[in-house]
Each structure stands twice: as C-alpha cells, then as structure tokens.
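Atoms considered below: every heavy atom in the structure, side chains included; atoms not considered: hydrogens, waters and symmetry mates. When a residue number appears, it is its place in the shown sequence, counting from 1.
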Amino acid sequence: TIAWPSGLLVAAAYAYLAGFSLPTQRALIMLCLFVLAALLGRPLSLVRALLLAMAAVLLLDPLAFEQLGACLSFFAVAVLAYGFAGRRATGGLWGGLFSLLKAQLLLGCFLPVALYALGLANGQLGLPANLLAIPLLSFIILPLLLFAAAQEFVGLAWLWPWQWADFALLCLLDYCRWLASLVPQQQQALWWPAWAHSLWLVGGLLLAALLLWLPRGLPGRYLALLPLCLALGLKPAAEPGLRIMLLDVGQGLALVLERQGQVLLYDTGPRFSARFNAGSAIIAPYLRRRGVQRIEQLIISHGDLDHAGGFEALAGQFAIGQLWVEPSELGRYRAYKPQSCQRGRQWQWRGVSIRALWPQPLEPGADKSAYKRNNRSCVLLLQYQGLKLLLTGDIESWAERRILSPALAGVDIMLAPHHGSNSSSHPAWVALTRPRWLLSSAAYRSHYGHPHPKVLARYQESAALNTASTGALLFEYQPDSAGVWRLIGPRRQRIEGRRYWYSAN
C-alpha cells in the first residue's frame with residue numbers, strides 16, 4: 001500500500017515547511033513510530049510512542065526542553081492521552097464536536113498548571129478562542145494554504161484558495177478581537193495562585209486535575225476539590241523582614257522589594273525591541289512565581305529605555321497601585337495618575353521609610369546642559385530597621401555632588417550610579433556613602449564596559465557585585481531567633497543555580 005509512505009512524505013514536507021520546530025519534530029517522530037509498529041505487526045501504546053519521541057528529540061538536541069515549545073507540546077499530548085485513553089469514543093458529527101470540546105476542557109484544566117510551573121500567566125480567553133481557532137486553522141485555513149501553495153508548482157494561478165484562506169483568517173481575527181473586548185486588558189492574563197511558587201503547590205494543582213479527569217465510575221474524583229480550594233482560596237502568611245532582589249535584566253535595571261507579601265518595584269528593565277522587553281520576559285515571570293498579583297509601588301527613575309522599557313508590558317499584566325516618576329515624565333504617564341518624585345518627598349511603605357533625594361529644580365543661573373535625563377533620575381534612600389538602601393538610577397558626578405548629605409553616610413546596599421559608568425561615583429560621593437555592598441546591573445560583555453575598572457577601584461572598601469557575572473542578586477533582611485536583624489545574602493542566582501554548560505569565563 002502507498003498510504004503509509006505517502007502519509008509520511010506529506011508529514012515530513014509539512015514539518016519542513018514549519019521549520020522542523022520541536023512540536024513538528026515530536027509529531028513526525030511519533031507518526032514514524034506508529035507506521036513502523038504497524039508494518040512490524042507490533043502493538044505500540046501512545047504513552048510509549050510519546051516517551052520514545054521524547055528520547056529521540058533529546059538525542060538530537062539535549063537542550064530541547066530549555067525551550068517552552070517542547071515542554072508544552074509533550075505535556076499537551078500527554079494530557080490528551082490521559083483524558084481519552086480507555087474511554088469509549090462516540091461517532092458522528094456530535095461525537096466529533098464533543099471530542100473537540102473535551103480536548104479543550106482537558107487542556108484548560110491541565111495547561112494552567114504547566115504555565116504556572118513555568119512562571120507564565122494563564123489567559124482567561126484560551127478556551128473560547130481555541131474552540132473556533134483550532135478547527136478553523138486545522139480544517140479550513142491550513143488546507144487552503146497548502147493547496148494554494150501546491151497549485152503554483154503545477155502551473156495554476158487560481159486566486160480563490162488564497163482569498164478564501166484570507167477571509168477565514170480575517171474572521172478568526174475579528175472573533176479574537178471581539179473576545180478580547182469582553183474582558184478588560186488587565187484581566188486577560190491575570191490568573192495565577194497568590195502563593196510563591198513551590199513544588200508542593202504545583203503537585204497539588206496537578207493532583208486536582210488528575211483526580212477531576214478520572215474515568216467515570218472510579219472513586220475519588222471529587223477529592224479534586226480539596227487541593228483546588230487550597231490553591232485558589234488560601235494565601236500563606238507573609239514572610240517577616242524585607243526581601244531585596246536585583247534582577248538580571250542585562251543592560252538595564254529592575255529591583256524588587258518584598259514586604260508583607262507586597263511589592264515595590266524600582267525601574268522596569270530595558271525594551272530590546274517592539275516584541276521583546278524585560279517587563280514581560282523577566283520581571284513578570286519572577287513576580288508570578290512569587291505569587292504577586294499587584295505592584296503596590298512602582299518607581300521609574302527616569303525615561304531611558306533601559307529603565308522604563310518594560311513598563312507597558314507590566315501595566316498590561318499587573319494592577320499598579322502607586323506610580324512615581326521624575327517631574328518631567330508626569331505627562332507621559334498621566335493615564336496612571338503618577339506622583340512626582342522630587343527632592344524632599346517622603347513616604348512610608350509597609351514600615352519602610354522612603355525619602356526622595358533627587359531630582360530638584362535647577363537653581364537660577366545653573367548649567368542646564370548638565371541637567372540631562374540621567375541627572376534627573378529619581379534617587380531614593382530607603383531605611384528599614386536600621387538597614388539603609390540607596391537607589392541611584394543613572395545619576396552622574398554632577399548630580400552626586402548636589403545630593404551629598406549626612407543621611408547618606410554608611411549605606412548598607414547601594415546601586416552603582418549609572419551602572420558603574422566612569423562618569424559617576426565622584427570621590428566625595430564614594431567617601432561619604434561607603435556602601436557595604438555595591439551592586440551593578442549590567443549586561444555580560446556589554447560594549448559599555450560597565451562597571452568601569454576605575455569606578456570599582458574607588459570602592460575598594462565595598463564588596464562589589466555585578467549581575468553580568470553573578471546573575472540576579474538576592475538579599476534578605478530578617479530577625480534571627482534572638483530578634484536581632486541581620487542581612488542574609490547575597491545569593492548569586494547564576495552561580496548557585498548554575499547549569500552544567502555555564503562558565504564564569
């Protein structure tokens with residue numbers, strides 16, 4: 001028979017057109033396995049075929065499961081196998097529609113668990129969107145496009161396949177836009193448990209989904225309500241103390257403070273392109289893994305893209321409590337009702353005293369050329385139970401000399417001004433602040449060369465750390481058993497959680 005070889009040929013051609021992405025590799029390998037088993041007259045279960053395909057993919061690319069597509073592709077097939085294996089199939093049109101609905105309900109129950117484990121948000125519109133998108137793409141749009149492309153090879157030039165495919169795709173896009181209009185933007189991808197990520201919670205959610213989809217007649221299905229209620233309804237007690245995380249966002253800045261289960265974010269990292277920014281790719285997954293659903297305080301030091309580039313992405317996924325910006329940026333963020341960060345402003349956040357040291361209006365007759373965007377950065381001094389944390393933005397020596405005050409003496413943790421640029425860290429500034437820990441947020445082997453060796457030489461008495469070599473840096477300020485407050489850390493995330501292929505050199 002020519003059915004099997006022709007089917008494999010068509011499948012291989014489609015995988016080639018799709019660029020042999022990991023999902024198409026998995027599908028093609030599984031199809032080859034089933035054909036081989038049929039030719040040999042050997043039974044092959046779906047689970048065994050899936051495991052063999054996984055082994056083959058990893059043999060071809062040992063790092064395949066570092067890619068999100070591979071994880072979700074294999075997980076989705078495993079979920080469908082669990083939900084359909086051993087069940088009686090219903091034929092006819094209604095049976096097909098029921099199977100389609102059941103598949104989407106299965107994925108709607110299990111995929112949020114996988115997305116949560118990977119630090120991704122679960123959209124509320126996935127189920128209604130997929131109910132139309134999957135059959136429309138699978139049975140109408142894709143066949144039309146393949147037919148339209150194939151007819152070009154035999155000398156035909158019919159336009160109707162392209163036109164029909166275009167019409168179907170436009171209908172699908174209109175339907176998705178209509179769905180999106182039903183839910184406010186900040187709620188379209190705003191569900192994840194209000195717990196810090198843990199294997200116990202992932203296991204509990206997975207157990208709930210497994211129990212819920214047990215075959216009919218088996219006992220224990222309603223026990224799924226127990227772990228589900230725990231995940232949805234309970235929130236653990238907030239950790240005591242203050243948690244400080246300087247994220248590794250490359251050449252940019254994003255620092256997260258956690259106190260009593262709430263978050264203060266200083267800067268939102270860079271925007272690298274119209275499609276990729278640190279807000280959605282780095283900061284949002286971290287906040288979700290910490291169980292954060294609302295950014296209570298967000299401070300944007302100034303308008304440079306490496307500090308403010310991730311704001312729009314974060315504002316689309318998290319509720320923003322209070323936004324602080326430097327005065328010249330108030331108009332840009334007026335939709336969020338921002339507060340002005342300027343010298344003299346003081347406020348309290350969860351027991352943390354926050355004092356704005358800069359910027360301030362220029363004195364009459366002052367040099368305006370030096371008062372550029374970097375030197376208008378919002379500089380904050382935070383104090384909590386004796387801990388002093390200085391957040392400096394991108395200020396340079398010109399601004400440093402104007403900020404000097406006795407309050408800056410003996411800082412515990414300081415962000416290196418302007419990522420450690422040689423235009424910053426004036427000797428008088430260094431002599432006054434004398435930070436215990438100097439943190440630089442910079443990109444690995446960046447052409448800027450941050451932090452500059454001359455700057456590091458000025459901080460000889462400080463322990464200098466750079467996210468480019470250490471990865472994200474975590475400090476915790478907590479009381480010990482005797483009630484004495486201590487600074488714990490830093491934890492160097494890239495070094496302590498290093499992969500086997502990582503080299504510090």
Side-chain angles (χ1 to χ4, degrees), residues 3-90 95-96 98-118 120 122 126-127 130 133-135 137-139 142 199 202-203 205-216 218 224:
W4 291 341
S6 59
L8 284 177
L9 183 62
V10 171
Y14 176 78
Y16 172 76
L17 290 174
F20 282 107
S21 62
L22 286 170
T24 57
Q25 288 180 37
R26 187 261 314 150
L28 181 60
I29 293 171
M30 291 182 69
L31 182 60
C32 291
L33 289 171
F34 282 118
V35 169
L36 182 60
L39 291 173
L40 296 176
R42 302 286 298 273
L44 180 65
S45 67
L46 180 59
V47 174
R48 181 173 295 181
L50 185 64
L51 293 175
L52 288 172
M54 185 184 301
V57 167
L58 290 174
L59 186 63
L60 294 172
D61 182 5
L63 302 182
F65 278 82
E66 291 295 314
Q67 301 181 38
L68 182 62
C71 299
L72 295 181
S73 175
F74 279 94
F75 184 78
V77 174
V79 166
L80 294 175
Y82 176 77
F84 282 94
R87 272 76 165 184
R88 180 180 299 174
T90 304
F98 174 76
S99 295
L100 174 64
L101 178 60
K102 180 180 178 181
Q104 293 308 310
L105 290 174
L106 268 167
L107 295 177
C109 285
F110 282 90
L111 278 185
V113 182
L115 293 173
Y116 170 65
L118 294 169
L120 302 173
N122 176 56
L127 178 60
N130 287 338
I134 290 178
L137 286 168
S138 301
F139 301 117
L142 186 57
L199 293 178
V202 173
L205 290 172
L206 183 59
L207 177 62
L210 289 171
L211 290 173
L212 187 63
W213 285 94
L214 283 173
R216 186 178 301 173
L218 290 180

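- Closest approach of Ala64 and Ala70 over heavy atoms only: O-CB, 3.5 Å.
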Note to self: Between Tyr82 and Val77, is the side chain to side chain contact (heavy atoms under 4.5 Å, CB included) condition met? List the steps.
What the structure shows: CA-CA 9 Å; Tyr82 176 77; Val77 174; over 6 Å; no
Check: So Val79 and Trp213, side chain to side chain contact (heavy atoms under 4.5 Å, CB included) or not? Walk me through it.
Finding: CA-CA 10 Å; Val79 166; Trp213 285 94; over 6 Å; no
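- Of all non-hydrogen atoms in Met30 and Ala49, the two that sit nearest each other are CG-O, 3.9 Å.
- With rounding to the nearest 0.5 angstrom, the CG atom of Leu50 is 7.5 Å from the CZ atom of Arg26.
- Shortest non-hydrogen contact noted between Cys109 and Ala209 is O-CB, 4.2 Å.
- Phe110 pairs with exactly one of Leu212, Leu105, Leu210, Leu115 by the side-chain contact (heavy atoms from CB on, under 4.5 Å) rule, that one being Leu210.
- Taken from CG in Leu111 to CG in Leu106, the straight-line distance is 9.5 Å, to the nearest 0.5 Å.
- A 6.0 Å sphere centred on CZ of Phe20 holds more than 12 heavy atoms belonging to other residues, nucleotides or ligands.
- Across all their heavy atoms, Leu107 and Pro112 have their closest contact at O-CD, 3.6 Å.
- Below 30°, between 30° and 60°, or above 60°: for Phe74 and Phe65 the angle between ring planes is between 30° and 60°, a tilted geometry.
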Q. Should Asp61 and Gln25 be marked as a side chain to side chain contact (heavy atoms under 4.5 Å, CB included) after you check the CA-CA gap, both sets of side-chain angles, and the distance that decides it?
A. CA-CA 11 Å; Asp61 182 5; Gln25 288 180 37; over 6 Å; no
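- Minimum interatomic distance between Ala53 and Leu33 (heavy atoms only, all atoms of both residues): N-CD1, 4.1 Å.
- Between Leu22 and Ser73 the shortest side-chain heavy-atom distance does not fall below 4.5 Å.
- Counting non-hydrogen atoms of other residues, nucleotides and ligands closer than 6.0 Å to OH of Tyr16 gives a total of 12 or fewer.
- For the atom pair CG of Leu51 and OG of Ser45, the computed distance is 8.0 Å after rounding to the nearest 0.5 Å.
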Side chain to side chain contact (heavy atoms under 4.5 Å, CB included) between Leu46 and Phe84, worked out: CA-CA 11 Å; Leu46 180 59; Phe84 282 94; over 6 Å; no
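- Counting heavy atoms from C-beta on, the side chains of Leu52 and Ile29 never come closer than 4.5 Å.
- Nearest approach of Leu28 to Ala12, heavy atoms of both residues: CD1-N, 3.9 Å.
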